[in-house]
Every structure is written in C-alpha cells, then in structure tokens.
Amino acid sequence: MFCGVGSCFSVRSRGLTTLVVSLVVLTFSCTRRVQGLPFPAPDFKNCNNTEGCCPPPYNGAPIQDFYVFDTTLPLRIRQPAHLLDDAYIAKYQRAYQLLRELPESDGRSWKYQAKLHCAYCDAAFYVPTDNRRLEIHFGWLFLAWHRFFLYFHERILAKLLDDDTFALPFWNWDNQSSDPPLANVLPYAFANKKYQNKSSSLYDVNRNECTKRPNIIDFQITLECVNQTATLKASLREANNRIMYTQMVTGAPIRRLFFGESYELGGVAGLGAGTLEAIPHGTVHFWTGNPKATPPFADMGIFRYSAYDPIFFAHHGNVDRLWELWKTLPGGNRKDITDPDYLNTEFLFYDENGNLVKVKISQALNAISTLR
Ligand code: C2O
C-alpha cells in the first residue's frame, strides 16, 4: 500500500541528527483565489469503511477552530530515539500505556488514533459534493496532515502524562553513522529486552523479523531477511546515504517534487507522492511491517494498520523533521507551498481533551525548529 521501490543516490547524515523542537502552529493569512477549491474539513458522519475505520460518533463539545496556539506551553524538544536515556524511555512507555488504557470509544485512544489515520487514508471520508473519498497520501497533503496528526497525538500523550514537556522521539533512520549508539536500527525503546515483549506498551506483535538488532535499516524493499554481514552493512549504509541524498537534494530541488502532486476539491487523489513520502518514508514502513503477517506487511506496511504500532509516530517524527530540514537546503526553491487551495485545506483531529478541532494546512507551516 505504501509507494513502491526505487533506486537512488548519495550522502547526508550525521550532522542532521539531534534536536527538533516541535511546535506546530499559529495562523497565517493568505489571499484566497477566486477559483480556489481547498478541501473543507471532512464530516465524520459522512464516512463509510468496511474495515471499521470510521471514527466513533462524536458527542463532545462543538468543533473548535484551531487558531490560537497556547504560548504558555513549554517548547517540546523531540529527541532522536537512539539517544533517549532510560528515564525518558520509561516515560515514553508510560505514555503509551496510558493511551492504551483509554476506552476505545474515546477519540484519543490508541485504537481510534490508528483508525483516524486509516479513515483519512483508506477511502473512508466522502468528499463533499463529490462521490470520491479523501486521501491524504500520494500527494501534497501528506506532510501537513501527518504533522497535525503527530502534533495532536503528542499533546494527547503529554496530557495523559500530565507533563507538557513531553515530546515524541524521532527515529533517526537517515543517520548512517556506524558509531554507536546506532540510529539506523530499531530504537532501543522498541527493541531491548525490557520493551520487546508483550507487556510493553511500545511492543507491536507485527514487526518484521529483519528489524531485529543488530540489523540495520534498508531503504530498498527486500522481501527476504538476509544475514547482514559487515560487508553487507557497509553497502547498505552507502546505498541508504545515496537514497537520502537523491530524495532530499538532487531529486527534490522544487516543491512539486518534494511535496508531491497537487490535490484539490474535485481533483483526483493519488497523482503522485513527493520524494520523501515515496522513499524512504514508504520503504521504512515496509521494512518495519511483517511480511509474514495477514495481510502481509501489517502493521507498519499497511495503511489501515500502521498507526497501531507506536513506532509509526517515531517514524513520522523523522519525516516531519526532514520536511523542516529540506527547507534549509540551498537552492532558493525549497520553500513551503503557497497555493491557497493547499493552505486552506482543512482537517479534523481530536485534541488532548477529546474535542474535535478543525485545522487548516496554513496553521501547520510555522513549526519552530532547530536542526543540529
Ligand atoms: Cu499516513 Cu507513514 O503514513
């Protein structure tokens, strides 16, 4: 279900590691084109999905507009998952424990967060005035939708922990350094003995056996789990670096290539993923999902199941960080999209209080970030 395989090229890694401060927000005004056709927020009642992805009936407070960012909240620092200390891993684990304990009918719950991803990406929400369904992958909605999803998910976890400093870690798979601790392996929080068992809230039953440490990540889809010799690891590192360089630098000098094809109300979904969405975003999903599961590649490699695995959010933390990073690369054309159809497209999410909030893409572009 995630986009296909590709072959690509060259280097960028180490220095891009560390901190991303994640604060997504604030408004942004834009001039509306007369012919603009942004998607309005989906109506959660106008949902049809045979896989059970539709959100629960919403009986909460009136839908709020997300227009004021709470500046009393502390900045949240997203740390690379391979550098988390034990105390942070314990907090991270506790956050998912609490999330899993919420009743399924709560829009913030672990299951409904996963279902929300499924609903937005698996042909569940009808588009108003159209019999087609909304799709947030394979086009320019991808990065912004997932930034919001992470933002609200992170705020839900913080609220459950009663700790506003909580931030999701990011899985720094683009870092191919061979110096320990390794970044391009399954992070400890998901893989060490303490956390890789059924009682851990960060455990997911459907992960590829090839993700077992000390195997390193492979940005190209391989269906077989091969023994990673030192020579093979060296060539995988080289190939991964080349892929990163192509997807971020040479292959994405302009917005359309990086963000993917445009997709507006009345338009056709899925005309083309941006470079980062296709690879390595898509291939890391595949690498993590279990090829022997039913259906093959569940959970991470199948849209409707992927957000059941908590690693989804660490994976997307890195995708989100790479979006910011791309804008810092030289060339002059690496900027956010300014088309009003894009900026005014709306989505609904559950906030940390369980209320539905309406967001516009323009509100996702002002992430405060430092990339070191
Ligand atoms: Cu909505 Cu990584 O996928």
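Counting convention: from 1, in listed order, for ligands and their atoms alike. In this text, all values refer to a predicted model and were calculated from it rather than measured experimentally. Side chains are part of it too, since the values below use all heavy atoms of this structure and drop only hydrogens, waters and symmetry mates.
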Residue pairs meeting disulfide bond (SG atoms under 2.5 Å apart), one or both in residues 214-296, sequence neighbours left out, come to C210-C225
- Query: How about C121: does one of its N, O or S atoms come closer than 2.8 Å to atom 1 (Cu) of ligand 1?
  - Reply: no
Notebook entry, point to check: Do H137 and W145 have side-chain N/O donor and acceptor atoms under 3.5 Å apart?
Noted result: no
- request: May I ask you to check if the distance between the SG atoms of C53 and C47 is under 2.5 Å?
  value: no
For atom 2 (Cu) of ligand 1, angle spanned by H316 NE2 and H281 NE2 (nearest 10°) is 100°
Sorted by chain and residue number, the ring pair (Phe, Tyr, Trp, His ring centres under 6.0 Å) partners of Y308 (sequence neighbours excluded) come out as W110
Next item on the list: Mark yes when over 12 heavy atoms from residues, nucleotides or ligands other than R94 sit less than 6.0 Å from its CZ; otherwise mark no.
Entry: no
Heteroatom test (N, O or S) for H285 near atom 2 (Cu) of ligand 1, limit 2.8 Å
yes
Worksheet item: Within the stated cut-off of 2.8 Å, is an N/O/S atom of H315 closer than that to atom 2 (Cu) of ligand 1?
Response: no
NE2 (H137) to atom 1 (Cu) of ligand 1 to NE2 (H117), nearest 10°, is 120°
